[in-house]
Amino acid sequence: MASPSYARIYAVVRRIPRGRVATYGQVARLAGLSNAARQVGYALHALRGPTALPWHRVINSAGRISLSPAAGGLEQRFRLLAEGVVVGANGRVSLRRYQWRPARKRFP
DNA sequence: GCGGTGACGGTCG
DNA sequence: CCGACCGCCACCG
């Protein structure tokens, strides 16, 4: 990770509980960043390769897997299903049921 | 330094 | 429920 922003982003992603999901924008806000949803996607993309980070728990605000199947969307779907998150054939996930809702929003 | 780009998001038709 | 547009902003060639 080259920037402190990435570190913050990764720290938030790491807190997403198993079986729950968070949106890119949500991660950005929780990381104390602003209008940085796009950066979150970039930070995750920068991981490339095996990682302990639960990157698959991050989806877009529409409640869908944003990553193309070939680029990893398939794996993401697979991982989510493995932890009990229902994913529709079109990559659809019910935010209503699975979105992570931390007790406190943002950190001081 | 500049312009294109994208694992985004909100709005509008 | 789409798709088109636009605002955003760090990366990369």
Side-chain angles (χ1 to χ4, degrees):
Chain A
M1 64 189 94
S3 76
S5 294
Y6 279 27
R8 286 160 164 260
I9 291 170
Y10 296 147
V12 172
V13 173
R14 221 173 346 252
R15 316 206 315 252
I16 305 175
R18 202 166 167 291
R20 308 312 286 294
V21 298
T23 69
Y24 294 92
Q26 181 183 7
V27 170
R29 277 178 284 118
L30 290 171
L33 303 173
S34 173
N35 300 324
R38 237 167 168 150
Q39 277 321 111
V40 173
Y42 212 97
L44 295 183
H45 187 256
L47 289 174
R48 274 186 278 208
T51 172
L53 220 70
W55 56 269
H56 57 282
R57 298 181 189 144
V58 185
I59 61 179
N60 63 31
S61 67
R64 314 185 68 238
I65 290 178
S66 207
L67 196 53
S68 72
L74 198 66
E75 186 186 352
Q76 179 168 22
R77 184 176 151 209
F78 200 66
R79 291 193 180 204
L80 286 174
L81 288 171
E83 39 184 74
V85 176
V86 177
V87 184
N90 45 12
R92 206 157 198 52
V93 174
S94 171
L95 286 176
R96 195 74 159 225
R97 301 198 327 174
Y98 301 108
Q99 182 167 41
W100 175 42
R101 291 177 176 77
R104 281 182 243 288
K105 284 212 157 184
R106 299 191 191 226
F107 58 76

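Order of the sequence lines fixes the chain letters, A, B, ..., with proteins taken first and strands second; residue numbering starts at 1 for each chain. Because only heavy atoms are used, hydrogens play no part in the values below, and waters and symmetry mates are left out as well, while side chains stay in.
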*asked:* Need one value for A:R64: base, sugar-phosphate or nothing, where a base atom within 4.0 Å counts as base even if backbone is also close, heavy atoms only.
replied: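 No contact.
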*asked:* Taking atom CZ as the centre, does A:R101 end up with more than 12 heavy-atom neighbours from other residues, nucleotides or ligands that are less than 6.0 angstrom away?
replied: yes
*How about A:L81: does its CG atom have over 12 heavy atoms from other parts shown lying under 6.0 Å from it?*
yes
[X] has an atom [atom1]; how far is it from atom [atom2] of [N], in whole Å?
{"X": "A:L47", "N": "C:dC11", "atom1": "CG", "atom2": "P", "result": "14 Å"}
{"X": "A:L44", "N": "B:dA7", "atom1": "CG", "atom2": "P", "result": "11 Å"}
{"X": "A:N35", "N": "C:dA10", "atom1": "CG", "atom2": "P", "result": "11 Å"}
{"X": "A:Q39", "N": "C:dG7", "atom1": "CD", "atom2": "C1'", "result": "14 Å"}
{"X": "A:L80", "N": "B:dA7", "atom1": "CG", "atom2": "C1'", "result": "13 Å"}

*Criterion side chain to side chain donor-acceptor pair (under 3.5 Å) against A:E83, the qualifying member of A:R18, A:R20, A:R57*: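 Of A:R18, A:R20, A:R57, side chain to side chain donor-acceptor pair (under 3.5 Å) with A:E83 is met by A:R57 alone.
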*Using Watson-Crick and G-U wobble pairs with both distances under 3.5 Å, what is the 5'-to-3' dot-bracket string of DNA chain C, with [ ] for crossing pairs and | for pairs outside the strand?*
.||||||.|||||
*In terms of the nearest nucleotide of DNA chain C, which residue is placed more toward the 5' end: A:R48 or A:S34?*
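Going by which nucleotide is closer to the 5' end, it is A:S34.
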*asked:* With nearest nucleotide decided by heavy atoms, which residue, A:R92 or A:A36, maps closer to the 5′ end of DNA chain C?
replied: A:R92
Give each protein N/O atom lying under 3.5 Å from an N/O atom of nucleotides 3-6 of chain C, with the pair distance.
none

*Please say which of A:V58, A:N60, A:L95 ends up in a side-chain contact (heavy atoms from CB on, under 4.5 Å) with A:T23.*
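By the side-chain contact (heavy atoms from CB on, under 4.5 Å) criterion, A:T23 pairs with just one of A:V58, A:N60, A:L95: A:L95.
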*Is A:I65 linked to A:V86 within one hydrophobic cluster, defined over Ile, Leu, Val, Met, Phe, Trp and Tyr using a side-chain heavy-atom separation of less than 4.5 Å?*
yes
*Is A:L47 linked to A:I9 within one hydrophobic cluster, defined over Ile, Leu, Val, Met, Phe, Trp and Tyr using a side-chain heavy-atom separation of less than 4.5 Å?*
yes
*Any donor-acceptor N/O pair, A:R79 side chain to A:H56 backbone, under 3.5 Å*: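 Between the backbone of A:H56 and the side chain of A:R79 there is no qualifying donor-acceptor contact (under 3.5 Å).
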*Under 3.5 Å, side chain of A:R64 to main-chain N/O of A:R92, donor-acceptor pair present?*
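No; judged by distance alone, with no hydrogens or angles, the pair does not exist.
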What's the spacing between [X] [atom1] and [Y] [atom2] if we round to 0.5 Å?
{"X": "A:Y24", "Y": "A:R38", "atom1": "OH", "atom2": "CZ", "value": "12.0 Å"}
{"X": "A:Q76", "Y": "A:L44", "atom1": "CD", "atom2": "CG", "value": "9.0 Å"}
{"X": "A:Y98", "Y": "A:I59", "atom1": "OH", "atom2": "CD1", "value": "11.0 Å"}

*Between C:dC11, B:dA7, C:dC9, spot the one nearest the side chain of A:Y6, thanks.*
C:dC11
Polar-atom pairs under 3.5 Å, protein N or O versus N or O of nucleotides 9-13 of chain B: list them with distances, or write none.
{"residue": "B:dG9", "atom": "OP1", "partner": "A:Y24", "partner atom": "N", "Å": "3.4"}
{"residue": "B:dG9", "atom": "OP1", "partner": "A:G25", "partner atom": "N", "Å": "2.7"}
{"residue": "B:dG9", "atom": "OP2", "partner": "A:S61", "partner atom": "N", "Å": "2.6"}

